[in-house]
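The structure appears below as structure tokens.
Every chain is numbered from 1 and lettered A, B, ... according to where its sequence line falls, protein lines coming before strand lines.
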There are 2 protein chains.
Amino acid sequence: METRELVYFLAVAEELHFGRAAERLGITQPPLSRTILRLERRLGVPLLERGGRGTVLTAAGEVLAREGVKALASMEAAERRARRAGRAEPRLVVAVKPGGDGGLLPAILTAYRDEAAAIEVKVLVCGVAERAARLRDGTADVTFLHDPLEDLTEFDSEPLLRERGVVALPPGHRLAERTSVTMADLRDEPLARWRGLRGPHTCGPEVRDGAELMQLVALGIAVAVVPESAAAVMRGDLVCVPVTDAAPTTVVLAWPRDTRSPALAAFVHTATRVATAAHRSS
Amino acid sequence: METRELVYFLAVAEELHFGRAAERLGITQPPLSRTILRLERRLGVPLLERGGRGTVLTAAGEVLAREGVKALASMEAAERRARRAGRAEPRLVVAVKPGGDGGLLPAILTAYRDEAAAIEVKVLVCGVAERAARLRDGTADVTFLHDPLEDLTEFDSEPLLRERGVVALPPGHRLAERTSVTMADLRDEPLARWRGLRGPHTCGPEVRDGAELMQLVALGIAVAVVPESAAAVMRGDLVCVPVTDAAPTTVVLAWPRDTRSPALAAFVHTATRVATAAHRSS
DNA sequence: GCGTCTCCATACCCGGAGGGTATCGGCTGT
DNA sequence: ACAGCCGATACCCTCCGGGTATGGAGACGC
């Protein structure tokens with residue numbers, strides 16, 4: 001199966017309409033029809049049920065649509081990584097969510113840049129779900145993830161920092177003056193959930209980023225349990241109170257499986273060294 | 001990047017010789033050269049250093065060779081899965097190593113076939129390393145793996161059966177009459193290792209399959225610690241003795257991540273039910 | 001140091017695949 | 001029954017993939 005055939009099929013599978021798919025692909029409808037027909041002949045299975053009103057996917061079509069996007073992403077990642085590896089000056093791209101580094105990144109960067117084998121490091125600030133996507137597509141080499149909240153199974157990873165939870169509250173909140181709270185105290189509170197992260201809470205609004213979360217907390221619409229390091233980047237008009245029995249999270253460094261890059265290995269090594277040093281001194 | 005371009009590049013990357021690569025691909029050398037040159041132009045990076053005597057990969061070439069095989073496998077798996085999904089009668093392919101099912105497969109098959117939603121099940125008997133490969137390439141839907149010994153991270157899995165270890169010994173062995181042994185008793189024995197499996201032991205010969213292992217044990221060249229269920233399929237001329245402190249292994253059912261197949265889900269469900277029932281009755 | 005050999009690139013030709021326009025055929029909804 | 005929409009087919013043209021013949025550069029031998 002050629003890449004182009006797969007791209008064409010995925011366009012049709014999404015649009016369920018040859019005309020619109022062709023338009024999106026920048027070609028006309030007949031060559032698209034022909035390509036899909038030949039693909040079906042070569043696979044030996046029909047992928048689409050053509051009806052008078054649009055088309056629907058067959059079982060085989062469903063499978064190819066699902067597996068095909070993965071395969072295509074893999075092809076594009078291979079291409080992107082090769083391109084990056086060939087660029088004149090190699091550099092390491094670290095994807096990080098604002099406040100998602102457990103406060104370690106400045107110290108890690110400082111320590112890493114002192115290493116003999118260090119190469120240029122670029123920090124790519126991006127959203128919650130975007131970090132994993134950037135690792136997958138080869139745009140970034142390494143990122144910080146939070147252990148029980150995010151899926152680590154598709155990456156290699158190294159734990160850096162174990163953190164307890166704190167709850168972010170608006171200033172006048174009934175719990176804002178407490179020195180610590182428990183999850184039971186928060187049972188009736190609208191606990192915010194992060195979009196794209198798994199969390200135990202299902203009540204409360206869903207947020208996309210830290211700014212939205214802080215805005216909702218400031219307005220009294222939500223409260224949020226966050227790792228203690230996130231308290232440092234919290235807006236000054238919010239209050240953070242330790243939650244004694246919140247499930248602890250671990251900040252981990254994650255990178256694509258089977259990466260063989262001396263620069264990345266050195267970065268990971270430095271990061272764990274910095275993290276354990278920071279842990280002991282605290 | 002087109003699939004064909006990648007296939008061509010991978011051939012050159014393996015052979016490090018355009019002529020031989022072309023021969024392997026069933027084409028002549030000039031079109032291959034042209035295709036690789038165009039690929040390099042499009043990627044914007046050189047992939048090969050041409051010298052008077054063969055060629056070597058550049059850094060970018062190394063990366064593309066490594067990532068490319070994964071991408072190509074992904075493409076081929078997508079194609080194969082789509083093909084299988086479209087076949088008239090859907091069936092479930094279970095890859096199993098002889099003796100690798102913990103003795104559960106017959107009961108699982110019987111129970112599954114009684115289910116209303118059951119489809120035809122084909123059992124594909126194959127080698128140790130082959131099982132994971134068949135899952136990856138879409139030839140099989142599900143297999144049995146052994147938990148600490150094999151890498152489960154690339155699959156979804158469900159534990160079925162926790163097993164203690166037994167050691168397989170030749171009849172006249174000094175430990176053959178014992179009712180149980182410890183790992184300390186085996187310290188000086190040539191413990192066989194499975195090729196492709198991670199195990200704690202590094203001494204002793206490496207075996208590819210159970211027949212080879214049993215042959216070596218029968219000859220007194222090796223002894224082997226195996227899960228207790230494997231004792232049932234052991235040659236009659238060998239002796240199995242429980243090892244009280246061998247690391248227990250867990251037989252797990254494994255299948256490709258993110259599979260959405262009702263038939264597979266039913267099979268997994270049945271298998272866990274059968275396994276827990278078998279466990280309780282024993 | 002020169003010839004020779006090896007190996008990849010280039011030149012050129014041919015057939016077929018990919019893309020375009022025009023049009024047909026079938027299902028649908030009114 | 002008819003109009004309209006949508007995918008398939010027919011036909012043409014261009015360009016790409018593959019072939020043969022040959023050039024050119026580095027490596028090895030004498």
Side-chain angles (χ1 to χ4, degrees), chain A residues 1-62 64-65 68 72 75 79 82 86, chain B residues 1-62 64-65 68 72 75 79 82 86:
Chain A
M1 185 172 52
E2 287 301 309
T3 308
R4 187 178 40 77
E5 294 176 318
L6 179 56
V7 170
Y8 284 11
F9 169 72
L10 291 178
V12 176
E14 273 189 44
E15 297 284 348
L16 295 177
H17 189 291
F18 279 73
R20 281 196 298 275
E23 189 181 3
R24 205 171 86 178
L25 293 166
I27 61 173
T28 54
Q29 172 260 322
L32 177 59
S33 280
R34 201 175 7 140
T35 303
I36 300 294
L37 283 169
R38 194 181 41 228
L39 178 60
E40 288 177 306
R41 258 207 330 275
R42 280 217 292 257
L43 288 179
V45 292
L47 299 169
L48 297 154
E49 299 265 7
R50 282 86 165 165
R53 224 58 171 188
T55 65
V56 294
L57 290 169
T58 63
E62 294 272 6
L64 187 59
L72 194 60
M75 287 287 284
E79 194 172 329
Chain B
M1 186 173 50
E2 286 303 308
T3 308
R4 188 178 40 78
E5 294 176 319
L6 180 56
V7 170
Y8 284 12
F9 170 73
L10 291 178
V12 176
E14 272 189 44
E15 297 284 348
L16 295 177
H17 189 292
F18 280 73
R20 281 196 298 274
E23 189 180 2
R24 205 172 87 178
L25 292 166
I27 63 172
T28 54
Q29 171 260 320
L32 177 59
S33 280
R34 208 182 4 162
T35 302
I36 301 294
L37 283 169
R38 192 178 42 228
L39 178 59
E40 289 177 305
R41 261 209 328 275
R42 280 216 292 255
L43 290 178
V45 292
L47 298 169
L48 297 155
E49 299 264 8
R50 281 88 164 165
R53 226 55 172 191
T55 65
V56 294
L57 291 169
T58 63
E62 293 273 5
L64 187 59
L72 193 61
M75 287 287 283
E79 193 172 329

**Distance, rounded to the nearest Å, where A:Phe18 contributes CZ and D:dT9 contributes P** = 11 Å
**Request:** For B:Arg38, answer base if it contacts any base atom (sugar-phosphate contacts may also be present), sugar-phosphate if it contacts only those atoms, and nothing otherwise; contact means non-hydrogen atoms under 4.0 Å.
**Result:** sugar-phosphate
**Criterion side chain to side chain contact (heavy atoms under 4.5 Å, CB included) on B:Val45 and B:Thr58, from CA distance to verdict** = CA-CA 9 Å; B:Val45 292; B:Thr58 63; over 6 Å; no
**Prompt:** Over how many whole Å does the gap from A:Ile36 atom CD1 to D:dC6 atom P extend?
**Reply:** 17 Å
**Complete:** Here the distance between atom P of D:dC5 and atom CD of A:Glu23, to the nearest Å, is 15 Å
**Message:** Closest approach to the side chain of A:Thr28, judged atom by atom: which nucleotide of D:dG7, C:dG18, C:dG20 is it?
**Reply:** C:dG20
**Message:** Using every non-hydrogen atom in the two residues, find where A:Ala60 and B:Ala82 come nearest and quote the distance to one decimal.
**Reply:** CB-O, 3.4 Å
**Request:** Starting from C1' on C:dA17, measure out to CZ on A:Arg41 and report it in whole angstrom.
**Result:** 12 Å
**Request:** Give the rounded distance in Å between these two atoms: CD of A:Glu49 and P of D:dG7.
**Result:** 14 Å
**Message:** According to salt bridge (Lys or Arg N to Asp or Glu O under 4.0 Å), who are the partners of B:Glu15, at least two apart in sequence or on a separate chain?
**Reply:** B:Arg20, B:Arg24
**Prompt:** What are the two closest non-hydrogen atoms of A:Leu43 and A:Leu64, and how far apart are they?
**Reply:** CD1-CD2, 4.1 Å
**A:Glu2 side chain vs B:Glu2 backbone, donor-acceptor pair below 3.5 Å** = no
**A:Phe18 to A:Ser33 - nearest heavy-atom pair and separation** = CD2-OG, 3.4 Å
**Request:** Figure out the CG/P separation between B:Leu48 and C:dC8, and round it to whole Å.
**Result:** 9 Å
**Residue mapping more 5' on DNA chain C - nearest nucleotide basis, A:Tyr8 or B:His17** = B:His17
**Message:** Can you measure B:Ile27 atom CD1 to D:dC16 atom P for me and round it to whole angstrom units?
**Reply:** 17 Å
**Item:** Shortest non-hydrogen separation from B:Ile36 to B:Tyr8 and the atoms involved
**Value:** CD1-C, 4.0 Å
**Fill in**
note: A:Arg50, atom CZ; C:dC27, atom P; distance rounded to Å ~ 14 Å
Dump every N/O contact between nucleotides 10-12 of chain C and the protein below 3.5 Å, one line per pair.
none

